[in-house]
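If you're wondering where the values come from, they're calculated on a predicted model, not measured in any experiment.
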Amino acid sequence: MTALPSPHNLSARAPRQVDGALVRVRWVLALVAYVIIAFSTGSLYPSELVLGWLGLLFVFNLLVFFVTRGSRLPARLPLWGLVGDTIFFGALPYLAPASSSLLFLFGLFPTLVAALRFGPWAGLAIAAALAFPYGLRALSPVLPTPIHALLPPVPETDSNFFSAGLPVFALFGAVILIGYLAQREREAAVGDSAVELEQLRRGMAGAKLFYETTDALSSTLSYSRVLDAMLEAGTTGMPQARKEDGVPVGVVFLFEDNDPEKNLRVVAWRHLDRGDTPRRVPGKSGIMAQTLESGEAITFTNVATDPELRELATMRRCRAGVALPLQAGLDLYGVVVLATPAPRVPLEQHLQLMRAFTNQAAVAFQNARLYQSLRLERDHIIDAEVSARAKLARDLHDGPTQSMASLAMRLDYIMLLLDKDPEKARHEVELARENTVRVGKELRELLFTLRPLTLETQGLSATIKLWGQRLHETEGVPLDLNAGNFGTELDANTAGSVFAIVEEAVNNARKHSGGAPIHVNLAQQNGSLVATVQDEGPGFDVSAISERYDERGSLGLVNMRERARLLDGHLSID
């Protein structure tokens, strides 16, 4: 593996844009130097040394320009450029008869480039090399005379010690300042990049967890896995505080189903104190209420002032966070609260991820409840089927079965009478025939009750009229019937359920009304079918019967209520 170059390494590779910008700066500096020299000498034609300097700088900068236009930059191009700038702009004060102090300032260009691109120590090294002759010249007044002959030649000026040393101090001061600022800026940029990289990693981990959870939902209806994954991703992506301040907290609050006040209770959590886990909050004020009312994520920066969240000791240690609603369509299930001891709210990317998680969790809630509702419906249907079979067994036992047993005994008796008393035997045969006819009628009545064919051919009203007529004619039931005008526009299942409810209600009235008149009325009111069964009997205490109804062995009222509920209807008993 190849190590990445350090930002302070002389072999560090610079971006193409920086080298292109330096090419343009060199053209400007060359033009400024020519203007200064021309103004100082009073001639537009500089000396041969200056012309040579300008020519070599032109060739050098042109080469760098073409290199920056290539498809691939040499790794050492920044170093070559720095060496060239140091030679050209460091030699300028010694080539022109202009003010040495003014031309010496051109040495700022390579020193500042070195400090910015390679660090303050590189800038100081270039500055020291360029300032060395000037430093000696500034110290020449205090040096012994024999040493003067050893000093490198510098342009002759009338400057004193202070004016000779001022460019040196300015050069070093500028390098130190620029290098320090660049170093701090680089460290800050690296720190910000590290924070952003960590947040990106957490976001990617949360996204991966989200998709894994989504896949898991296809094979399970348990929403607890969604809550665990949501809180794991939520607390991981929150801004992190110092270790001694604590870790981020995640809590899921759900509405209590059997609570008329609809309080919110804690059902899942991450890093929550044990004493806070059984907590319940009203959700009527503060951040929780805002989240429930708006249906949007609400960020906060001061938990201590929230009237409900501050009741949780864990939350009082936090400083910022977000509350998100658990909502699927119009169904609102609760609130998710993520908080952190750090004084920063989560990033928008994390909020988007948590919105996706809460939406997924709300859908999981919805699916789980629908599945639970379907299971209850299945159980109710099974109970109704069992009850119907039990009723059929009782009806068969109490009616046709008893009649058939009586008929068998009568036939045995007839066999004995055939030889002894033919006349009496003939009378018994007549009774047996009547018994047989009665059994046939009971079976037809039973079959009619189970599934009247007229429901499909003539509709609900015609079926109830026929049924009521049979009850009145065969059993003498005092029935006052108004069946309305419902034909085949009702589907057979709906009509069959309504018929079964009315039949069960009438049977109960027959058993407990003491032979009092029974009134049945079917009518259409406000687009709904309303069936009413009334009797003039003594009545009963509905609450007393309902309290111990499961111990009575009869499921008539339960079946009536379940049939009505399956039709999205309502059964009331007065």
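- Rounded to the nearest 0.5 angstrom, Gln458 CD and Lys465 NZ are separated by 10.0 Å.
- Not a single donor-acceptor pair under 3.5 Å links the side chain of Arg280 to the backbone N or O of Arg265.
- Smallest separation of non-hydrogen atoms from Leu332 and Pro325: CD1-CB, 4.2 Å.
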Kindly determine whether Leu272 and Arg279 satisfy side-chain contact (heavy atoms from CB on, under 4.5 Å), including the steps that lead there. CA-CA 11 Å; Leu272 193 67; Arg279 290 281 187 176; over 6 Å; no
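- Of all heavy-atom pairs spanning Gly515 and Pro478, the tightest one is O-CG, 3.6 Å.
- The two residues Leu231 and Trp269 have their closest heavy-atom pair at CD1-N, 3.4 Å.
- Heavy-atom minimum distance, Leu264 versus Gly283: CD1-CA, 3.9 Å.
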Going through the distances and angles, do Phe300 and Val337 end up as a side-chain contact (heavy atoms from CB on, under 4.5 Å)? CA-CA 10 Å; Phe300 53 87; Val337 177; 4.2 Å; yes
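- Within the model, atoms SG of Cys318 and CG of Asp306 stand 12.0 Å from one another, a figure rounded to the nearest 0.5 Å.
- Looking only at side-chain heavy atoms (C-beta outward), Asp276 and Val266 stay at 4.5 Å or farther from each other.
- Here the straight-line distance linking atom CG of Leu481 with atom CG of Leu522 works out to 8.0 Å at 0.5 Å rounding.
- Using a 4.5 Å cut-off on side-chain heavy atoms (C-beta onward), Leu529 and Leu460 make contact.
- Taking the side chain as every heavy atom from C-beta outward, Pro343 and Arg319 approach each other to under 4.5 Å.
- Between Ile573 and Met560 the shortest side-chain heavy-atom distance does not fall below 4.5 Å.
- Asp535 places no side-chain N or O within donor-acceptor distance of the main-chain N or O of Ala509, the cut-off being under 3.5 Å.
- For the pair Glu308 (side chain) and Lys284 (backbone), a donor-acceptor distance under 3.5 Å is present.
- With hydrogens and angles ignored, the 3.5 Å screen pairs a side-chain donor or acceptor of Thr314 with a backbone N or O of Asp273.
- Judged by distance alone, with hydrogens and angles left aside, the side-chain atoms of Asn521 form no donor-acceptor pair with the main-chain N or O of Thr532 at under 3.5 Å.
- The CG atom of Asn263 sits 13.0 Å away from the CG atom of Leu254 when rounded to the nearest 0.5 Å.
- Phe486 CZ to Gln524 CD: the interatomic distance, rounded to the nearest 0.5 Å, is 5.5 Å.
- The environment of CG in Asp245 is crowded: more than 12 heavy-atom neighbours from other residues, nucleotides or ligands sit within 6.0 Å.
- Val506 places a side-chain heavy atom less than 4.5 Å from the side chain of Leu471.
- Pairing each heavy atom of Gly250 with each of Leu338, the nearest pair is CA-CD2, 3.8 Å.
- Using a 4.5 Å heavy-atom cutoff, the side chains of Val252 and Tyr333 are not in contact.
- Contact of the Val335 side chain with the Ile287 side chain is not registered, since no non-hydrogen atoms from C-beta on lie closer than 4.5 Å.
- Atom CE of residue Met288 and atom CZ of residue Phe253 lie 4.5 Å apart, to the nearest 0.5 angstrom.
- More than 12 heavy atoms of other residues, nucleotides or ligands shown are found within 6.0 angstrom of CD on Glu489.
- Contacts of His519 classified as side chain to side chain donor-acceptor pair (under 3.5 Å), with partners at least two apart in sequence or in another chain: Asp480, Glu536.
- Residues Ala531 and Val502 share a closest heavy-atom pair of CB-CG2, 4.1 Å.
- Ser461 places a side-chain N or O within donor-acceptor distance of the main-chain N or O of Ala483, the cut-off being under 3.5 Å.
- Between Val345 and Val322 the shortest side-chain heavy-atom distance does not fall below 4.5 Å.
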Run Leu312 and Val303 through side-chain contact (heavy atoms from CB on, under 4.5 Å) and show every step you take. CA-CA 10 Å; Leu312 278 69; Val303 182; over 6 Å; no
